[in-house]
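Each chain gets a letter, A, B and so on, in the order the sequences are listed, and its residues count up from 1. Hydrogens, waters and symmetry mates play no part in the numbers below; they use all other heavy atoms, side chains included.
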2 protein chains.
Amino acid sequence: MKTVDFIPFQSVTLTDGFWKDRSDLNKNVSLSNVRLRFEESGRFDALRFNYAETGKKPHIFFDSDVAKWIEAVAYLMEKDPIGMREHEALCEELIDCMERAQRPDGYLNSEHQQVSPHLIFSNRDRHELYCAGHLIEAAIAYHKATGRDRFLAIMERYCDLIERVFLLEGSAQFMTPGHEEIELALIKLYRHTKKEKYLKMARFFLEMRGNNEKDKPIYEDNRFGSQDDVDIRHLESANGHCVRALYLYSGIADLAAETDDFLLFENLEKVFSDITNQKMYITGGIGSTPTTESFTVPYDLPNRTAYTESCCAVAMMMFTSRMRRLSKQAKYGHLAERVLYNAMLSSTSLDGKSFFYENPLEIALEEYGREVAVPRRQHARLPITQRVEVFSCSCCPPNINRFFAHLGDYICVDEGDGLCIEQYISAKVNTPHGSITLTEDYAREGKARIVGSGYTKDTISFRVPEWCKELTVLLDGKSVNPTLCEGYAYLSVGEHFCIDLDFHIFPTFICANPMVRDNVGRVALMRGPVVYCIESVDNGARLNRIAVSTNALAEATEELDFHSLYSVTLPATRLKNNPSLYFDASKSACEPMRIKCIPYFAFANRGESDMLVWIRRK
Amino acid sequence: MKTVDFIPFQSVTLTDGFWKDRSDLNKNVSLSNVRLRFEESGRFDALRFNYAETGKKPHIFFDSDVAKWIEAVAYLMEKDPIGMREHEALCEELIDCMERAQRPDGYLNSEHQQVSPHLIFSNRDRHELYCAGHLIEAAIAYHKATGRDRFLAIMERYCDLIERVFLLEGSAQFMTPGHEEIELALIKLYRHTKKEKYLKMARFFLEMRGNNEKDKPIYEDNRFGSQDDVDIRHLESANGHCVRALYLYSGIADLAAETDDFLLFENLEKVFSDITNQKMYITGGIGSTPTTESFTVPYDLPNRTAYTESCCAVAMMMFTSRMRRLSKQAKYGHLAERVLYNAMLSSTSLDGKSFFYENPLEIALEEYGREVAVPRRQHARLPITQRVEVFSCSCCPPNINRFFAHLGDYICVDEGDGLCIEQYISAKVNTPHGSITLTEDYAREGKARIVGSGYTKDTISFRVPEWCKELTVLLDGKSVNPTLCEGYAYLSVGEHFCIDLDFHIFPTFICANPMVRDNVGRVALMRGPVVYCIESVDNGARLNRIAVSTNALAEATEELDFHSLYSVTLPATRLKNNPSLYFDASKSACEPMRIKCIPYFAFANRGESDMLVWIRRK
């Protein structure tokens, strides 16, 4: 298939603005804080292979946690090698350890080598190939950033073993991994090394899934849950564990790109539609149940028990950007924007130190209270209400680290015949067709500026956000009407140009499809790309008692007070207390109030609080 | 304490009408059907003590299931010994078997004698004293009905052992039973035999609860869940397993009655308020979670996962009628009425053959669909959607059997200085103060007639239903204004009188306290004592999309088509489909429709259907 590429982050320099702030916070706070927590929790020790001395038992997924952290460091080294010196030293130490510990046959896994050697390649859910995949991604990034190939060589030796065991001898007790990841990593390795065998290996793992008798389903008898129900050429819907599913779909997209397999792309389009039209929260979050952390059935999107793992936000970005490489459709960038401003940002506390694993769309603290009344079993599991610095299953924090470290990857596409702006993120972008300077006041004022310098193509295109109802474009200060086509605007430009965009942002109430039972009779406030929520710290407890009329927007006031975005204050009503448990409806009464709505991503930053996205509609 | 007595069912003959129909259905269909299912499932075999021959392993609670069935037969024998011949023969057979099987020391329990003799009196949750309690109740009923004391003698021998093991030697590995029941049974035995020791035993089990170090909590470390958190003199709220709790509170009420202990009554008043003001469904059902089948925290009353076990309806009737014996307050009869017309009736299918264990207030079949998408673990457990003839834990069906078999017990109170009508149930009531004939068209037309004959007191009182907003009373055809006092109306009457009551019934919308999160912004339709619901079989699927305005009642139409009660048809609106998952609220649209509301108790009688009590309010 014809594919296009995003301008790689190495050629993109974020400049002052909303996203540079987030990116800097990741670099200056989150990354170091994750390092501290990982050191404390023995994650680095895992890859120091010092279990015998320290007695700190590595977990089967520790290698992947560390790998993602190294990958983040590598990305950041490209831009700021000096700032990363201290982290680089730790990376080198760990690479030393891995080099020493790697078995002569190439095997490398801290848990299985130190704790469970008898279980090597015996159980597809023990995350060996998943860890390998993340280590491969880290090794590639590290090689690119430093030019040093020690880490890459380690991983290539490991890949030789994996090829032998899985493809040549078939001697492992399974054929495809329980947790997908190695597929996309192998294609990345193929692209980096140009060695065909890695593409062949990726293809093997992708094509064998759901296509062999050897693999046992991960979840009891539910092949659905581990994407074993169909093979990739019969894929129609998104199923099972969300992160695993999205990593799989990303790998398939990569395979489609490398092999011109249009059927694979068509299937992924069905999957993309299934997710975005039936299985996605308004925040871009996915995962409707903590049970196996998975997709469930269409329109099943409960708010309080939403799973919406932070890693899913990262995985959605991976998937949708790969789809964009295969096809110029604005829906991919729309999704990326939705995820970025909501599901992605909500993962991290405003101080950058703490993380959510699950990102619910409602917190009703009284629901947590009920757990004191009964023993802890059979409960509908509720997510934690405050971000924490480290989890026992701490896949998300380093995933966020590595994501923000290469945020520049998602901004601008090189279409060959011109550039296309996908995301409005302030940055200087160096491209083969000249230099672009993006400046945005996007989420706040709905505006952006694109300045071209030495541009060698005739046309530039940019994505028109799905929330934009009125578009004003100035080219070099003069109003112009760009050609609009399938969500993109096209402008003819010269060598030097300045495009000013106004997408006319204002608060809007959004409804969910009536099939989504939790949201029936409710509205969510959005302002441009940003989903809003209400918290009890501003609005009093039991937020469900509040109702808004959609006319309330006429009386909305805005204040610049949340993470340099506006809060929105609206008239609403609150059900009055009543002493009776049941009473005549004629005695039900409301009192007027004003509610303060803040960006969803900023929730749970002012102590424990009730929170609600979908507000009752009057 | 001064107590009063209900006129016992032996002196009450139900006459044609709504409740005689239910009572006859119980006698003619339910009882026999439960017998068939219990025979198939080895429950009678348990008490035949034939495990060695049949290999049918008895469960630890089988004795109690059979005991309740025998108790039902005994009640019915009082009125119709010939009709019960065949059932009586089975009772005699089982009594023979128990007599033969009873250990020389008096011990009697089918499971522990045949399967687990090593576990006798070792674990308070193994239901030994619970089974003993039910067998005692059955033996008393059987003795009263037949005059034959074999069964009673068996149970008195067993009680001697229980006294020795628990009170005299303290040799059991626990002090109080995990599942309360024996307490109230022992007081019943004390009243029947006049032997003080049974009162002493009841008192022991009641007073030791939450008052000793020997008892381990049933639910992990949650003493709350098994009513072990406080002793009965410090009781303030209703906690833990609902049936166990209500059986305990009933036992305490009996102890208060027998010992003039006003503090116990005061505590029970707190418990009663806690239940009826904070922890009870509109149907009179209780139990907010299948987790330990228990109460949770105030206002936690989820509809789809409501537990509301059918046995709780029986237990509520037991508790509230005991409270009424201690204090003349209309709230007890109000509660009994609410339970009778809703939580109690919903337990049984209209054909009398099948039963619900749980009685949810909402069924959303799409919620069940989600279970296909993920493995069965960590789910919020949803109740079954259709009644079945027998459960593995089949405590409810015989509890319903015995309840309806002595329904006459709940109608009329002898206050000493006059009679008081508590429930409007068509019946002839023979009392020490003359004969009363009650005729009702209560739930249908809000009317009742009380005819006195040979009445020897000056005053009669009757409960004014809590839903009654206008009361019309005719005494011997002439309009009178009775004295109203705390929910009761008082009339001076002569030896012969006829009182015609019109409580002016009409459909009303009810709101729940705004603290009940599931019901915020919703209304339930009631018509007199009857709670209504809507089903998808009448109104289409996804009932949550329907909304009503409270003005709709002005356009309501009624039809006599549900179990001789009215259905109510109202104008409403339904949210229209929309192809998008999220869309501008201005594009949300409704279509007008009429909804048909049927009595809640009749739900799930026309195949599997969505069902909703709390309808969205426009």
Exercise. Quick one: list whatever passes ring-ring contact (aromatic ring centres under 6.0 Å, His included) with A:Tyr582, sequence neighbours left out.
Key: B:Trp614
Quiz item: Can you find a heavy atom in the side chain of A:Arg338 that is under 4.5 Å from one in the side chain of A:Thr283?
Solution: no
Quiz prompt | Residue part contacting chain A, namely of B:Lys618, when any heavy atom lies under 4.5 Å | solution = neither
Quiz item: Which answer fits B:Asn277, side chain, backbone, both or neither, if we ask what part of it has an atom under 4.5 Å from a heavy atom of chain A?
Solution: backbone
Quiz item: Less than 4.0 Å between a side-chain N and a carboxylate O, is that true for A:Asp584 and B:Lys469?
Solution: yes
Self-check item: Contacting moiety of A:Lys587, where chain B heavy atoms sit under 4.5 Å
Solution: neither
Quiz item: Is there a side-chain contact between B:Glu466 and B:Lys331 (heavy atoms, below 4.5 Å)?
Solution: no
Quiz item: Between A:Pro529 and A:Ile505, is any pair of side-chain heavy atoms under 4.5 Å apart?
Solution: yes
Quiz item: Under 6.0 Å from the CD atom of A:Glu591, do we count more than 12 heavy atoms belonging to anything else shown?
Solution: yes
Quiz item: Can you say whether B:Thr508 sits under 4.5 Å from chain A via the side chain, the backbone, both, or neither, judging by heavy atoms?
Solution: side chain
Quiz item: So what's closer than 4.5 Å to chain B heavy atoms on A:Arg545: side chain, backbone, both or neither?
Solution: both
Exercise. Below 4.5 Å from any heavy atom of chain B, which atoms of A:Met526 appear? Answer side chain, backbone, both or neither.
Key: neither
Self-check item: Which portion of B:Val520 sits near chain A, non-hydrogen atoms under 4.5 angstrom
Solution: both
Self-check item: Part of B:Arg522 within contact of chain A (heavy atom distance under 4.5 Å)
Solution: neither
Practice problem: Select, from A:His241, A:Glu362, A:Lys279, A:Arg574, the one with the greatest count of heavy-atom pairs under 4.5 Å involving chain B. | Solution: A:Glu362
Quiz item: Considering only heavy atoms, which portion of B:Arg617 lies under 4.5 Å from any heavy atom of chain A: side chain, backbone, both, or neither?
Solution: side chain
Practice problem: Take B:Leu525 and B:Ile510 through the test side-chain contact (heavy atoms from CB on, under 4.5 Å) and record every step on the way to the result. | Solution: CA-CA 6 Å; B:Leu525 184 72; B:Ile510 302 294; over 6 Å; no
Quiz item: Relative to chain A, which segment of B:Arg517 carries a heavy atom at a distance below 4.5 Å: side chain, backbone, both, or neither?
Solution: both
Quiz item: Less than 4.5 Å apart, any side-chain heavy atom of A:Pro360 and any of A:Thr305?
Solution: no
Exercise. Please determine, among B:Val516, B:Val523, B:Ile282, B:Leu575, the option with the most heavy-atom pairs under 4.5 Å with chain A.
Key: B:Ile282
